[in-house]
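Remarks on the structure that follows.
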Amino acid sequence: MKDIFTAPFVEEMKDITANMYRLGWDERNGGNISYMLDPQTVGEYLDLSHVIRTIPTGFEAKPLIGKIFIVTGTGKYFRNVEKDPERNLGIIRIAEDGTTAELLWGYSDGGKFTSELPAHLMSHMARLSVDPQNRVVMHCHPTYTLAMNFVHPLEEKAFTHTLWEMCTECIVVFPDGVGVLPWMLCGNNTIGEATAEKMKEFRLVVWGMHGLYGAGRDMDEAFGLVETVEKAAQIYMLTCNRPRLNTIRDEQMQELAEAFGVQYRKDFLNL
Ligand code: 13P
Ligand code: ZN
């Protein structure tokens, strides 16, 4: 058996949480990540027949039965993952009943997975239904995206359009746009279901006045999406109270999307 502390997926979680913390996206215990792992690879590091304890999830995730995820712990600080991954992360498998998580490693202080597990696992199911290669769901509280939530209409077309206008690369990086949910109570199945519904259409979902979700085939894709939205939101916040002298016009965004061959939300442009 190989040493779990050297596993590439543990290293990736350490690296990504440290970066997200230093970018200011994850104050205190803000944010959470779930990453679906290949059972064969996990089996090189852990005895998959050894379940440490079982934890009810409170919802049904039948399509995920037998799937294994590494997930950040509830109440845990991204800042601390690097120095103590076994306490701040856990590896869970969805049991045969579809409603129980089997803990295979981690949460070593008796803790459990993020309170946002419904939004994560329901989003995994939604993304897998449209992209079987999806593996990562991440949630965070990026500063400028959040600031923009307070001064910009919380509406999908308008929000996406403004972000697309702020950086030339935006329409190429997230041509599918950004889904937007109003402020909702977090940490429950209702917000999980609403997020998953959006995830069928978008890889990015804003939780109004709370934060952002990103999904992708790997850590780079999910992180890159969040990073690009946050950069655009930063430029918006730095310029929104000054006279706008120049902008990227809708025809130019269309030109970009067509030159890069991406499937974009034509209905989000005003052509
Ligand atoms: P957890 O500590 O339960 O992951 O919650 C953090 C958070 O961002 C809630 O939305
Ligand atoms: Zn949050």
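For clarity, every value in this text was computed on a predicted model and none was experimentally measured. Start at 1 and go down the list; that is how both ligands and their atoms are numbered.
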Classify the ring geometry between Phe9 and Tyr45 as parallel (under 30°), tilted (30 to 60°) or perpendicular (over 60°). perpendicular

More than 12 heavy atoms of other groups within 6.0 Å of Arg242 CZ: no

Ring geometry between His141 and His210 (parallel below 30°, tilted from 30 to 60°, perpendicular above 60°): perpendicular

For a side-chain contact (heavy atoms from CB on, under 4.5 Å) with Cys170, tell me which candidate from Leu256, Thr228, Val229, Ile235 qualifies. Thr228

Assigning hydrophobic clusters by single linkage (Ile, Leu, Val, Met, Phe, Trp, Tyr; side-chain heavy-atom cutoff under 4.5 Å), is Val71 placed with Ile191? no

Using the rule that two of Ile, Leu, Val, Met, Phe, Trp, Tyr join whenever any of their side-chain heavy atoms come within less than 4.5 Å, decide whether Ile248 and Val262 are in one cluster. yes

So how far is it from Met166 CE to Thr247 OG1, rounded to the nearest 0.5 Å? 5.5 Å

Determine the interplanar angle of the Phe174 and Trp164 rings, folded into 0 to 90°, and report it as parallel if under 30°, tilted if 30 to 60°, perpendicular if over 60°. tilted

Can a cation-pi geometry be assigned to Lys266 and Tyr264, taking NZ or CZ under 6.0 Å from the six-membered ring centre and within 45° of the ring axis? yes

Excluding waters, which protein N, O or S atoms are within less than 2.8 Å of the Zn ion (ligand 2)? His139 NE2, His141 NE2, His210 NE2

Show me a pair-per-line table, with atom names and distances to 0.1 Å, of protein N or O atoms that are under 3.5 Å from an N or O of ligand 1.
from, atom 1, to, atom 2, distance (Å)
ligand 1, 2 (O), Asn29, ND2, 2.7
ligand 1, 2 (O), Gly75, N, 2.7
ligand 1, 3 (O), Thr74, OG1, 2.6
ligand 1, 3 (O), Ser115, N, 2.9
ligand 1, 3 (O), Ser115, OG, 2.6
ligand 1, 4 (O), Asn32, ND2, 2.9
ligand 1, 4 (O), Thr114, OG1, 2.7
ligand 1, 8 (O), Gly31, N, 2.9
ligand 1, 8 (O), His139, NE2, 3.4
ligand 1, 8 (O), His141, NE2, 3.1
ligand 1, 10 (O), Glu116, OE2, 2.6
ligand 1, 10 (O), His139, NE2, 3.4
ligand 1, 10 (O), His210, NE2, 3.0

